[in-house]
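Both counts, for ligands and for their atoms, begin at 1 and track the order of listing.
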Amino acid sequence: MKLRLPSSTHNWISLSGAVLAIVSFSMIVFLFFVGFFLHQQNTYLGLIIYIILPVFLIIGLLLIPIGMFWKKKKSGEFISEEDKFNWPSIDLNDKKHRNAFMIFTIGSSIFLFASAIGSYEAFNFTESVTFCGTLCHTVMKPEYTAYQHSPHARVACVECHVGSGADWYVRSKLAGLHQVYAVITNDFDRPIPTPIRNLRPARETCEECHWPEKFYSRTLITEKHFIPDSANTEWDIQLIMKIGPSHRASSFTEGIHWHINPDVKIEYISTDSRRQVIPWIKYTNLKTGKAKIFEDSENPITKEQKDSLQSRTMDCMDCHNRPSHNYKPPTFFVNNAIENNKIPKELPFIKSVAMNACDNNLSTTDSAMAFISKTISDYYKEELPEVYSSKKNLIDKAITGLQEEYKLNIFPEMKVRWDAYPNNIGHIEFMGCFRCHDGNHETEDGNVIPNDCSTCHTIIAQGNPGNMEYDSEEKPLEFRHPDPDDDSNEEWKDAMCVECHTGLTP
Ligand code: HEC
Ligand code: HEC
Ligand code: HEC
Ligand code: HEC
Ligand code: HEC
Ligand code: HEC
């Protein structure tokens, strides 16, 4: 049986268009079922099914009328110039026209139905964690790895980076096109600069799940440290974080989350691009309308800066800027690895040696791995040969343990490590809370932003297990700087914690 169609369809362009469309469509259907039945969540499969093949399908479909138009033009079927712009006349009594019409209507219905499913799937696919996290593998590796080990590992990237609503979806995909171009042309910054200027406000993302009125009371945290001495002496600190007040009934009028109390508005001006230097802060009590302005008395803001720089209203992100990509400093991850026995505590000086092994600025993960292995074995070979010969298996375990931790936190290819992204919670490796709470920010009448050690937390236990000091929240302990040999070391009082604690030094 020969299918008779209008003569204008008999041309190479329309024919190749039709073949292209049919082949792409069959491949889409085939791959869709492959993915569906194999339960494969493969980024590249998704990319082919939902983005690349549909492009070919549409090009193919467009080629059919283009070919017909070209053929008609070439064969002189247009009687006059205006004829070109007239709609084609369709005569359903003509078998050829009828066939063409049937193919067009049935084809379009299938196409529309398939594209409805397809666009829904394409939407889900481009919003998936696999798409965001693995498509540009090397580029997103640091973010994706840290994310998988964060409390938000089950929260999709888009919940924080895009949020709900069509306008942010379109905005993020347009920005995404630019990023794809940057990756293809290899023209992007390493590390990716933050703060992300066009990040959707926390109000519309974080607050979908943790809203400011949700009350958090005080919580207890325990930090375990290992001092860089020969015994890797353990030193624990327990603090009660005053996130909210101690009593549930009092709501959140005081404590750390006071800053996000709906009656409180805090605006600030920072003089650097990473929002680390904050010389000017304005606190407005929205209930009474009263405002206070605090200025840094040590490094005051200049008049030009005050006039030219924009102020920012404080939100969750000014403290929790690393909720899901927290690259931990070596001090922290070495302590963790010792605590989890990935690095054996029995090895003398292992804390200190492990920190030295992380002190490198090598440009690839492989060379960093080799450096770690060499630094640790050389140390024991040269300094402690008897340990080297009797505890070789522990040394190997320490090397593997450190290498694993390193790979979760430091990404030389993207120049990503803890110091590339200051973490604003705390005050030991980064200024964090002390950007404002350093004791130098005051109002004209001498009202200072508090920096007493018990403003934000109370220390209720500290010391070496077995020889701990304890007290209660009402009678907090005075901080004792970890030093098992010297109870009265007060050197820490003369400087900011960040001046000695870089993340690499203990
Ligand atoms: C809990 C919310 C949250 C989730 C989930 C999340 N991010 Fe982020 N992301 C952030 C915040 C907040 C920042 C830092 C913004 C700033 O400092 O301006 C950030 C920063 C980034 C950056 C900039 C570089 C950096 O390391 O800071 C990239 C890239 C990124 N995220 C990608 C991802 C990808 C990919 C995923 C999913 C695998 C993801 N994010 C999941 C909140 C999130
Ligand atoms: C889709 C919901 C969702 C969104 C959006 C979200 N989070 Fe979370 N967040 C969670 C869940 C779930 C947890 C884990 C709770 C748990 O483990 O008890 C969590 C935990 C946290 C914690 C406690 C972390 C810890 O160490 O236990 C903080 C802080 C936090 N989120 C901040 C943020 C910030 C800041 C944002 C916005 C950038 C954000 N979250 C966006 C769901 C969300
Ligand atoms: C002034 C800084 C600051 C601001 C602003 C802030 N937080 Fe926090 N938040 C903290 C600190 C400090 C903790 C204590 C947890 C810790 O030590 O890591 C905390 C704890 C939390 C926790 C964990 C509570 C728990 O019981 O473990 C969540 C969830 C959280 N914040 C969400 C938010 C959200 C959402 C916002 C914005 C609406 C926000 N925070 C604004 C400093 C802040
Ligand atoms: C942008 C500046 C800024 C930053 C950053 C900042 N604060 Fe504050 N904080 C303030 C101001 C202003 C006050 C109010 C001082 C006053 O009224 O005397 C305040 C007050 C407080 C209070 C006392 C609230 C009360 O009345 O009970 C606590 C606790 C606190 N901050 C904790 C923190 C913690 C923890 C961090 C870091 C995670 C932090 N702040 C970061 C500006 C800041
Ligand atoms: C403005 C609030 C604020 C002030 C003031 C403050 N801290 Fe902290 N401190 C924090 C926050 C927030 C953390 C981080 C908790 C975490 O890691 O989640 C922290 C953590 C700590 C830790 C635990 C670190 C660890 O890893 O074991 C110690 C110790 C500590 N602070 C000591 C002090 C001392 C000493 C002072 C007085 C000089 C002080 N703090 C003043 C907010 C504050
Ligand atoms: C003068 C430099 C200096 C200052 C300032 C300083 N530290 Fe330290 N800190 C050290 C040294 C050195 C060690 C290593 C332990 C030792 O030798 O006793 C250390 C160790 C620590 C440890 C254990 C670290 C680990 O390896 O796990 C904590 C926690 C700590 N300091 C907290 C603080 C806090 C909080 C502040 C600020 C209030 C602070 N330090 C200020 C020098 C300093």
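Comparing Pro323, Gly133, Cys209, Cys157 by heavy-atom distance to atom 38 (C) of ligand 1, the nearest is Cys157. Of all the listed residues (Asn321, Asp189, Leu199), Asn321 holds the heavy atom that lies closest to atom 14 (C) of ligand 1. Across Ala495, Pro482, Cys453, heavy-atom proximity to atom 15 (C) of ligand 6 is greatest for Pro482. Within the set Glu491, Lys351, His481, Glu429, the minimum heavy-atom distance to atom 25 (C) of ligand 6 is found for Lys351. When Cys497, Gly426, Pro330, Pro228 are checked for heavy-atom proximity to atom 36 (C) of ligand 6, Cys497 turns out nearest. With atom 43 (C) of ligand 1 as the reference point, the heavy atom nearest to it among Pro193, Pro191, Cys160 is part of Cys160. Among His152, Met140, His325, the residue whose heavy atom sits closest to atom 33 (C) of ligand 1 is His325.
Checked against a 3.5 angstrom limit, the closest N/O atoms of Tyr147 and ligand 1 fall outside it. For ligand 1, the polar-atom distance check against Ile196 finds a nitrogen or oxygen pair separated by under 3.5 Å.
Remark: ligand 3 atoms within the under-4.0 Å shell around heavy atoms of Thr219 are 26 (O). Using a 4.0 Å cut-off to heavy atoms of His259, the atoms of ligand 3 that qualify are 1 (C). For ligand 3 and Asp315, the ligand atoms under 4.0 Å from any heavy atom of the residue are 5 (C). Interface atoms of ligand 3 facing Met314, defined by a heavy-atom separation under 4.0 Å, are 1 (C). Listed by atom number, the atoms of ligand 3 under 4.0 Å from His210 heavy atoms are 29 (C), 35 (C). Residue Cys319 approaches ligand 3 through these ligand atoms, each under 4.0 Å from one of its heavy atoms: 1 (C), 2 (C), 3 (C), 4 (C), 5 (C), 42 (C), 43 (C).
Aromatic ring pairs are classed by plane angle as parallel below 30°, tilted from 30° to 60° and perpendicular above 60°; the pair His325 and Tyr327 is parallel.
Looking at Asn360 and Tyr406, their side chains do bring a donor and an acceptor atom within 3.5 Å of each other. A donor-acceptor pair shorter than 3.5 Å can be found between the side chains of Asp318 and Tyr268. There is no side-chain donor-acceptor pair under 3.5 Å between Thr364 and Asp366. Side-chain atoms of Glu346 and Asn232 include no donor-acceptor pair closer than 3.5 Å.
Counting backbone and side-chain atoms alike, His501 contributes an N/O/S atom closer than 2.8 Å to atom 8 (Fe) of ligand 6. For a distance bound of 2.8 Å, the N, O or S atoms of His320 include one lying that close to atom 8 (Fe) of ligand 3. Taking backbone and side chain together, Cys500 holds no N, O or S atom under 2.8 Å from atom 8 (Fe) of ligand 6.
The proximity of Asn335 to ligand 6, defined as any non-hydrogen pair under 4.0 Å, is limited to the side chain. Heavy atoms of Asp318 found under 4.0 angstrom from ligand 3: none, in either backbone or side chain. At a 4.0 Å heavy-atom cut-off, ligand 6 touches Asp483 through backbone and side chain alike.
For Phe294 and His441, the ring centers sit 6.0 Å or farther from each other. Aromatic pair Phe332/Trp418: centroids not less than 6.0 angstrom apart.
Atom 30 (C) of ligand 1 has its closest protein heavy atom at Glu143 CG, 3.4 Å.
Of the possible polar contacts, one joining the Arg274 side chain to the Ala420 backbone as a donor-acceptor pair under 3.5 Å is found.
Across all their heavy atoms, Leu402 and Ala357 have their closest contact at CD2-CB, 4.0 Å.
Considering just the N/O/S atoms of His161, the one nearest atom 8 (Fe) of ligand 1 carries the name NE2. Restricting His257 to its N, O or S atoms, the one at the least distance from atom 8 (Fe) of ligand 3 is NE2.
By the 4.0 Å N-to-carboxylate-O rule, Arg417 lies too far from Glu429 to be salt-bridged with it.
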